[in-house]
Protein chains: 2
Amino acid sequence: MSAAREIIPIHALKAVCSSCSLQELCLPLGLAQEEMIQLDDAINQRMPVRRGEALFRLGDAFRSLYAVRTGFFKTVVVSEDGREQVTGFHMAGELMGLDAFGTDQHGCTAIALEDCEVCELPYHRLENLALEIPALNRHLYKLMSREIIRDQGAMLLLGNMRAEERLAVFLLNLSQRMAARGFSSRQFVLRMTREEIGSYLGMKLETVSRTFSRFQQDGWIKVQGKQIEVLDLAAIKQLVSGCIGLQH
Amino acid sequence: MSAAREIIPIHALKAVCSSCSLQELCLPLGLAQEEMIQLDDAINQRMPVRRGEALFRLGDAFRSLYAVRTGFFKTVVVSEDGREQVTGFHMAGELMGLDAFGTDQHGCTAIALEDCEVCELPYHRLENLALEIPALNRHLYKLMSREIIRDQGAMLLLGNMRAEERLAVFLLNLSQRMAARGFSSRQFVLRMTREEIGSYLGMKLETVSRTFSRFQQDGWIKVQGKQIEVLDLAAIKQLVSGCIGLQH
DNA sequence: ATTGGTGCTTGATGAAGGTCAATACGATTA
DNA sequence: TAATCGTATTGACCTTCATCAAGCACCAAT
């Protein structure tokens, strides 16, 4: 199919890192202009992933990192007996696959919760580039390091906090991440089910639902299915004050 | 005190990475002999840390990674309201401080649970060396990546498993790590208190104690204070079968 | 030997959240 | 429009673990 080479796929025409609006949230953070152009070459832009599809699966050979460009992912770990644990939710500008360096296999499965686009960062090219660009290498360290801190925050959450505290931290965290991307921090749509929230927070879907209802009765939020409106941010912050959260 | 320079401190005479028995568990894994000698130069060997002392504290400026040479550490995160969460236990050959790259500050506090020795790996020297030695750089990625996986395992543990499963995973994990270091996997001493175990596993010290007692009644282990003897490994493994554990 | 401190064990009780079940909602398809 | 499937809500009940409390074991210091 050599004829296909003459048809330039539409996504090849799209913006690259050096002109991407997510620069400040994503991998290129802190790079000089010329370094960013080098990075452009190492990246496959705008792979589409449709809702419900897996971008990679636990055990897959590790070939690339992926940055979310648009859309929303969950990552899950499945234990032998089928129990599923959601280990994170990922939105624009966030990197997935950092847990795969260790074993050369992906350590979790990434599923698109809506139609998404990702940038693919082939591992070998990235590694070579990182050795040439110290700032990039350092930033990769930083990103992995932050992932560790984030997970430790989640451990504290799961180990020490009650259901309502967990859900409050979750809402606050989501709200802040929306704000960082220029969306409303007061009104947003949950892309995940109650069960997925529950799995992430270590509680059952019924408890998630009940806790949402209680927050609503208290006038803190308005819930309509997946539509969330934050009414009393201060009250929610009050509840989680003194807790180490799920920073992102 | 220039005269002091003529007194060679005793620890300077001790073994370096290239002749360290922990090579295979520690940072030098996978390096060529000559690369290891370069690493020797970048490392301050055998810093002593006494029981109860902090090697570094949450918020301290990040200057070095530390490898445990002998002894046993805990790392803890303290929330604003004083709640303390143990995030890990660390023994010979394990690296601490990987969570500090992200913010240039340590993200947890490391406390020696017995008299210890550590190797200090100054950050800048290590970073420069990593840029020269691709294998070292890759290994640092791997170590951080494994830390992420480990933390995700802990999340699954805390989110999904019951008290006895958690403690079984904990014992199994400890037993395996002892074995990997040439110690008995059947008999060992817990260096941490019941409260610290409980904090790590997300349960109260009373529950830890009760669960140990139950394991003992079932003939799975023998507990005498901090002395543990594993009597029925198969039964313990059976309990955690199908769980994703705390790999180390 | 006595005292105090810290950590461990064990019992009694209660609260938080899990489980089971019935019902309702909402989006997609027939 | 109806039918269906996945998702969400809510209630009733039960299990697990936290809490409170008492007593014990061990070590260190006086």
Side-chain angles (χ1 to χ4, degrees), chain A residues 50-52 72 74 83-86 111-115 156-171 189-218 221-229 239 243, chain B residues 50-52 72 74 83-86 111 113-115 156-171 189-218 221-229 239:
Chain A
R50 264 181 313 178
R51 178 186 167 140
F72 206 90
K74 68 171 174 179
R83 278 188 276 195
E84 173 175 313
Q85 163 87 25
V86 173
I111 309 247
L113 294 180
E114 57 184 332
D115 291 348
L156 196 139
L157 188 93
L158 291 169
N160 281 329
M161 290 162 66
R162 286 171 309 113
E164 23 165 39
E165 295 176 309
R166 295 182 200 187
L167 202 62
V169 169
F170 173 77
L171 283 175
V189 175
L190 301 174
R191 301 297 171 179
M192 71 295 281
T193 66
R194 302 288 191 262
E195 187 167 17
E196 287 160 342
I197 297 173
S199 171
Y200 184 51
L201 297 178
M203 52 211 247
K204 295 290 149 180
L205 69 96
E206 292 95 330
T207 308
V208 174
S209 184
R210 273 185 248 274
T211 309
F212 270 144
S213 299
R214 200 163 340 120
F215 284 179
Q216 182 162 243
Q217 278 162 32
D218 296 345
I221 60 173
K222 188 167 183 311
V223 195
Q224 253 178 359
K226 309 217 172 208
Q227 184 73 43
I228 297 284
E229 187 176 352
L239 182 60
C243 300
Chain B
R50 265 181 312 178
R51 178 187 165 137
F72 206 91
K74 69 170 174 179
R83 276 186 278 195
E84 173 175 314
Q85 163 87 23
V86 173
I111 310 245
L113 294 181
E114 57 184 334
D115 291 348
L156 196 139
L157 188 93
L158 292 168
N160 280 329
M161 290 162 66
R162 284 170 313 112
E164 24 165 42
E165 294 177 308
R166 294 182 201 185
L167 202 61
V169 169
F170 174 75
L171 283 175
V189 174
L190 301 174
R191 301 297 172 180
M192 71 295 279
T193 67
R194 303 286 191 264
E195 187 166 18
E196 287 160 342
I197 296 173
S199 171
Y200 183 51
L201 297 178
M203 53 211 246
K204 294 292 149 178
L205 68 98
E206 293 94 330
T207 307
V208 175
S209 183
R210 272 185 249 274
T211 309
F212 270 145
S213 299
R214 201 163 338 121
F215 284 179
Q216 181 161 243
Q217 278 162 32
D218 296 345
I221 60 173
K222 187 167 183 314
V223 195
Q224 253 179 358
K226 308 218 171 208
Q227 184 74 43
I228 296 284
E229 186 177 353
L239 182 58

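Lettering follows sequence order; numbering is per chain, from 1. Owing to the predicted nature of the structure, the values given are computational and were not obtained by experimental measurement.
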Taking every heavy atom of A/Ile197 against every heavy atom of A/Leu190, the minimum-distance pair comes out as CD1-CD1, 4.0 Å
Do A/Met192 and A/Val86 come within less than 4.5 Å of each other through their side chains, counting heavy atoms only? no
Rounded to 10°, the helix from C/dA1-D/dT30 to C/dA30-D/dT1 deviates from straight, judged by its five-pair end axes, by 30°
For nucleotides 4-12 of chain D, 5' to 3', base contacts (B), sugar-phosphate-only contacts (S) and non-contacts (-) with protein non-hydrogen atoms under 4.0 Å give ---SSBBBB
**Atom CD of B/Glu195 with >12 non-hydrogen neighbours under 6.0 angstrom** = no
Check: Do A/Arg166 and A/Thr211 touch side chain to side chain, with heavy atoms closer than 4.5 Å?
Finding: no
Worksheet item: Between A/Glu206 and A/Lys204, does at least one N-O distance fall below 4.0 Å, as a salt bridge requires?
Response: no
Heavy-atom nearest pair, B/Arg191 first then B/Lys226, reads O-NZ, 4.3 Å
Review point. Do A/Phe212 and A/Leu171 come close enough that some side-chain heavy atom pair is under 4.5 Å?
Key: yes
Outermost contacting nts on DNA chain C, any atom under 4.0 Å from chain B heavy atoms, listed 5' then 3', are C/dC8 to C/dA12
From CZ of A/Arg162 across to C1' of D/dT16 the rounded distance in Å is 17 Å
With a 4.5 Å heavy-atom cut-off, do B/Val223 and B/Ile228 have their side chains touching? yes
Of all heavy-atom pairs linking B/Gly225 and B/Arg194, the shortest is O-NH2, 2.6 Å
How would you label the contact of A/Gly198 with the nucleic acid (heavy atoms, under 4.0 Å): base, sugar-phosphate, or nothing?
nothing
Looking only at heavy atoms, the pair that brings B/Ala168 and B/Leu239 closest together is CB-CD2, 3.7 Å
